[in-house]
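Throughout, a chain's letter reflects where its sequence line sits, starting with A, and its residues are numbered from 1.
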Amino acid sequence: MKKFNCFLPALSHGFQSPGKLSLSTISSPDCSLMPPVPLSAEPIPSSDTIDLEGFKSRVCHSISKQHWTALKREIGDLGYHKLLEFLFQWNVDEELLLRFFKWSEKENGSPHNLEFCCRLLHLLSNAKKYDKIRSLLHSMVNRENDSSCSVIFHALTVSSDRPKFNPVIADMLVSAYAKNSRIDMAVEAFKRSGDYGIRLSVLSCNSLLNELVKSNDIKTLELVYKETIRRRIPLNHVSFNTVIHGVCKAGKLRKAVDLAADMESWGCSPNVITYNTLIDGHCKMGKIGKMYKAESLLKEMVTNRISPTQVTFNILIDGYCKDGNSLAALRVFDEMKKKGFSPNAITYNSLINGLSKEGKIEEALDLNTQMQGCNVQPTIVTYNELIYGFCRVGKMIEAKNVLDEVIEKGLAPSLVTYNSLIDGYCKLGKMEEALELQAKMSQRGLCCDVSTYNSLIAGFCRAGNTKGASRLLDEMGENNIQADVITYNILIGELCRRGESRKALKLLDEMSELGVDPKHVTYNILMDGFCEEGNLRVALSLRERMERGGRKANVATYNVLIKGLCRKGKMEEANRLLNELLEKGLVPNHVTYDLVRDEMIEKGFMPDIEGHLYDVVQ
DNA sequence: TTAGGGTTAG
């Protein structure tokens with residue numbers, strides 16, 4: 001077993017046995033049973049009249065009956081720490097000890113030292129009181145100044161009377177950290193368990209894997225997964241499905257599919273959750289032809305005799321809606337009903353959202369009526385989507401009426417409810433109404449988030465009200481709300497529009513300093529700003545900077561640069577970029593076509609390209 | 001212990 005020679009501050013006191021206490025002590029009549037008792041402590045009697053058995057009995061009785069006032073009288077000046085030492089030495093029942101342990105921590109206002117925690121954990125594990133261990137570890141891992149894992153593992157080792165402590169404690173420690181979202185510590189406990197040769201259960205590994213997925217730490221997820229395989233921990237469906245989910249979230253779809261195939265060799269065939277996860281991964285993270293791939297996964301699961309469920313259909317419906325294809329979503333919706341699955345609130349919400357995004361508010365309202373007719377109650381999400389739908393088409397009165405309906409029905413409007421409405425007003429330049437709603441949401445106890453501020457700042461920028469935008473930026477700072485990439489995109493865009501691209505570039509540097517990751521659009525807006533100013537050199541250098549940061553130029557990047565080059569009359573270079581776009585397998589969009597038509601052809605330049613783009617131009 | 005729904009920029 002690996003031993004650690006590190007400094008152990010938490011163990012630097014209190015490891016001495018009661019017999020070695022620095023406080024003046026007297027010996028009890030029977031040293032093996034009785035603790036040493038301080039001479040001066042009241043109400044412990046003096047040595048000649050002492051009744052230690054009586055003291056022990058009164059103390060234990062008070063704890064078991066929870067007579068805390070009486071117990072306090074018994075303890076006197078002895079102190080909780082000393083009494084705890086005696087309780088350990090008296091070999092009292094572990095539940096009694098735990099009860100005093102918890103009460104005295106509360107009374108003291110500070111936790112007991114790590115040695116006591118570990119000794120108690122050993123007692124509880126010997127008695128197989130696993131729920132109690134779980135609860136004790138839960139409070140241990142939620143402490144502000146808790147010890148590092150190496151200190152805890154060392155303490156567990158030295159406080160145990162056996163060569164190896166019960167591995168269940170380490171297993172539950174990993175789980176406790178994971179379930180309390182202390183991911184770094186959970187990973188550390190996972191590693192230490194390996195160092196100590198402790199075989200963890202699949203349950204605690206799954207907790208850890210799941211928390212890593214939730215926190216989007218896919219790199220660590222993959223490391224932990226590989227390690228579980230190396231340690232031959234018998235992973236189950238939940239483990240594989242969780243890892244596949246994480247890998248999908250990171251956009252590594254091919255890897256996710258490979259993992260699903262690898263499951264077989266571990267005795268786990270992909271199940272309905274595996275397929276649903278893969279389909280959802282493709283819907284959310286796939287690129288061109290993603291819905292085709294999602295459908296082919298559906299076919300594959302049916303071929304493998306795994307029946308799709310309501311969730312499978314919901315995933316597909318939402319996928320088509322997010323892809324801007326509500327028609328296909330409605331086709332799946334019909335298919336789902338034909339196969340005997342009842343749509344639920346999630347089904348309807350996905351469809352209502354998809355229709356709203358496409359500006360089809362009337363159809364969205366019809367579906368809302370339909371869902372209520374089918375006894376599916378609309379949720380706050382449904383109402384938020386209807387509000388969003390009305391806002392999309394500028395129908396603010398109707399949107400506001402939905403909010404009133406929500407309140408009338410006794411439902412609680414959410415942050416998203418207000419954010420959607422505020423954004424609706426901002427987009428129409430109705431800043432007073434937007435600010436009024438911001439005040440109303442605060443009155444309801446809802447705090448603005450970064451989205452609220454982004455909508456408002458963008459609104460003020462559109463209205464040319466720099467002061468208003470600046471005031472909100474200050475308010476964000478005062479409320480400790482961190483600007484995100486969208487905030488920066490808005491500000492960079494505004495500076496570029498004002499012809500202040502240099503200042504905008506400084507914001508890009510600020511983002512890097514603050515750890516806010518710029519996206520494609522951030523660079524594209526900036527490049528556009530420099531192109532508009534005729535500074536192609538900086539625009540092209542930004543493309544290089546973007547690619548160095550791991551983001552390859554997308555169609556929008558090419559469009560911005562081609563436009564800039566055309567404006568400068570650099571038609572040969574523009575044409576070269578156009579060809580490069582096609583060579584890279586990128587699909588030109590309507591902006592590209594417009595550019596070709598308006599900028600290139602009008603300037604008497606016939607693009608020298610092959611394929612469909614040329615055909616379209618013709 | 002694993003899978004599905006809502007707002008902000010362009």
Side-chain angles (χ1 to χ4, degrees), chain A residues 175 178-179 201-211 213-214 235-246 248-249 268 271-281 283-284 308-319 321-322 343-354 356-357 378-389 391-392 413-424 426-427 448-459 461-462 484-494 496 519-526 528 554 556 559-560 591:
Chain A
S175 241
K179 286 180 178 164
S201 73
V202 66
L203 233 68
S204 63
C205 289
N206 287 351
S207 292
L208 174 57
L209 293 169
N210 192 34
E211 286 305 315
V213 174
K214 277 196 203 156
L235 299 182
N236 60 17
H237 276 101
V238 177
S239 333
F240 285 105
N241 291 344
T242 307
V243 177
I244 289 170
H245 185 202
C248 281
K249 270 177 96 177
C268 296
N271 62 11
V272 65
I273 297 182
T274 319
Y275 275 103
N276 286 349
T277 308
L278 284 173
I279 294 172
D280 189 55
C283 287
K284 290 201 171 85
T309 61
Q310 186 192 49
V311 176
T312 320
F313 287 104
N314 284 351
I315 289 168
L316 277 169
I317 288 170
D318 192 62
C321 285
K322 296 264 161 56
N344 62 5
I346 296 177
T347 325
Y348 284 105
N349 288 348
S350 286
L351 283 165
I352 291 172
N353 187 245
S356 295
K357 275 203 162 79
T379 65
I380 186 65
V381 177
T382 322
Y383 290 110
N384 289 347
E385 287 165 347
L386 290 174
I387 288 174
Y388 169 73
C391 290
R392 283 279 295 198
S414 67
L415 182 58
V416 179
T417 320
Y418 282 99
N419 282 352
S420 299
L421 269 166
I422 288 172
D423 190 63
C426 288
K427 289 222 166 82
C448 297
D449 69 353
V450 67
S451 298
T452 326
Y453 283 107
N454 286 345
S455 291
L456 289 166
I457 292 167
C461 287
R462 277 187 219 105
D484 67 1
V485 62
I486 298 179
T487 324
Y488 278 101
N489 290 349
I490 295 164
L491 298 174
I492 288 172
E494 177 59 15
C496 288
K519 292 197 172 180
H520 269 110
V521 65
T522 319
Y523 288 103
N524 293 346
I525 298 169
L526 253 176
D528 196 38
N554 63 11
N559 290 347
V560 166
V591 181

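Comparing B:dG5, B:dT1, B:dT2 by their closest approach to the side chain of A:T242 singles out B:dT2. For A:V416, the side-chain atoms get nearest to B:dT7 when compared with the rest of B:dA9, B:dG5, B:dT7. The side chain of A:T309 lies closest to B:dA3, out of B:dA3, B:dG5, B:dT7. Nearest nucleotide to the side chain of A:K322, out of B:dT8, B:dT7, B:dG5: B:dG5. Closest to the side chain of A:D484, out of B:dG5, B:dA3, B:dT8, is B:dT8. Here the side chain of A:N419 is nearest to one of B:dT8, B:dT1, B:dT7, namely B:dT7. Nearest to the side chain of A:T277, among B:dA9, B:dA3, B:dT1, sits B:dA3.
Not a single donor-acceptor pair under 3.5 Å links the side chain of A:K322 to the backbone N or O of A:C283.
OP1 or OP2 of B:dT7 has at least one side-chain nitrogen or oxygen of A:K357 nearer than 4.0 Å. Put simply, A:K284 has a side-chain N or O that comes within less than 4.0 Å of OP1 or OP2 on B:dG5. Between A:R392 and B:dT7 there is no side-chain polar atom (N or O) within less than 4.0 angstrom of OP1 or OP2. Residue A:N271 places no side-chain N or O under 4.0 Å from the OP1 or OP2 atom of B:dA3. Here A:K427 reaches the OP1 or OP2 of B:dA9: one of its side-chain N or O atoms lies under 4.0 Å away.
Between the CG atom of A:N489 and the C1' atom of B:dA9 there is a distance of 5 Å, rounded to whole Å. At whole-Å resolution of the value, CG in A:L316 and P in B:dA3 are 17 Å apart. Taking atom CG on A:L351 and atom P on B:dG5, their separation rounds to 13 Å, with Å as the unit. The distance from atom CG of A:L491 to atom P of B:dG10 is 11 Å, rounded to the nearest whole Å. Distance A:D280 CG to B:dT2 C1': 13 Å, rounded to the nearest Å. Between A:I387 atom CD1 and B:dT8 atom C1' there is a gap of 15 Å when expressed in whole angstrom units. Whole-Å rounding puts the A:K519 NZ to B:dA9 C1' distance at 10 Å. We find that CG of A:L415 is positioned 11 Å from C1' of B:dT8, with the value rounded to whole Å.
Here the closest non-hydrogen pair linking A:S420 and A:C391 is O-SG, 3.6 Å. Taking each heavy atom of A:I490 and A:A458 in turn, the nearest pair found is CG2-CA, 3.8 Å. In this structure, A:V202 and A:S239 approach most closely via the heavy-atom pair CG2-OG, 3.5 Å. Of all heavy-atom pairs between A:E211 and A:K179, the closest is CG-N, 4.5 Å.
Side-chain atoms of A:T379 and base atoms of B:dG5 include a donor and an acceptor less than 3.5 Å apart.
At the heavy-atom level, A:I490 lies under 4.0 Å from the strands shown only through sugar-phosphate atoms. A:S356 comes within contact range of no nucleotide atom at all, as no heavy-atom separation falls under 4.0 Å. Residue-level contact check: A:S455 touches the backbone only, with heavy atoms under 4.0 Å from sugar-phosphate atoms and none from bases. Counting any heavy atom pair closer than 4.0 Å across all strands shown, A:N344 reaches a base atom. Among the heavy atoms of the strands lying under 4.0 Å from A:I315 are primed sugar atoms or P, OP1, OP2 only; no base atom is included. Using a 4.0 Å heavy-atom distance criterion, A:A556 is classed as making no nucleic acid contact. Using a 4.0 Å heavy-atom criterion, one finds that A:S420 contacts the sugar-phosphate atoms exclusively. At the heavy-atom level, A:I380 lies under 4.0 Å from base atoms of the strands shown.
A:C321 meets the side-chain contact (heavy atoms from CB on, under 4.5 Å) test with A:I317, A:A329, A:L351; sequence neighbours excluded.
Between the side chains of A:N236 and A:N206, a donor-acceptor pair is found at a separation under 3.5 Å.
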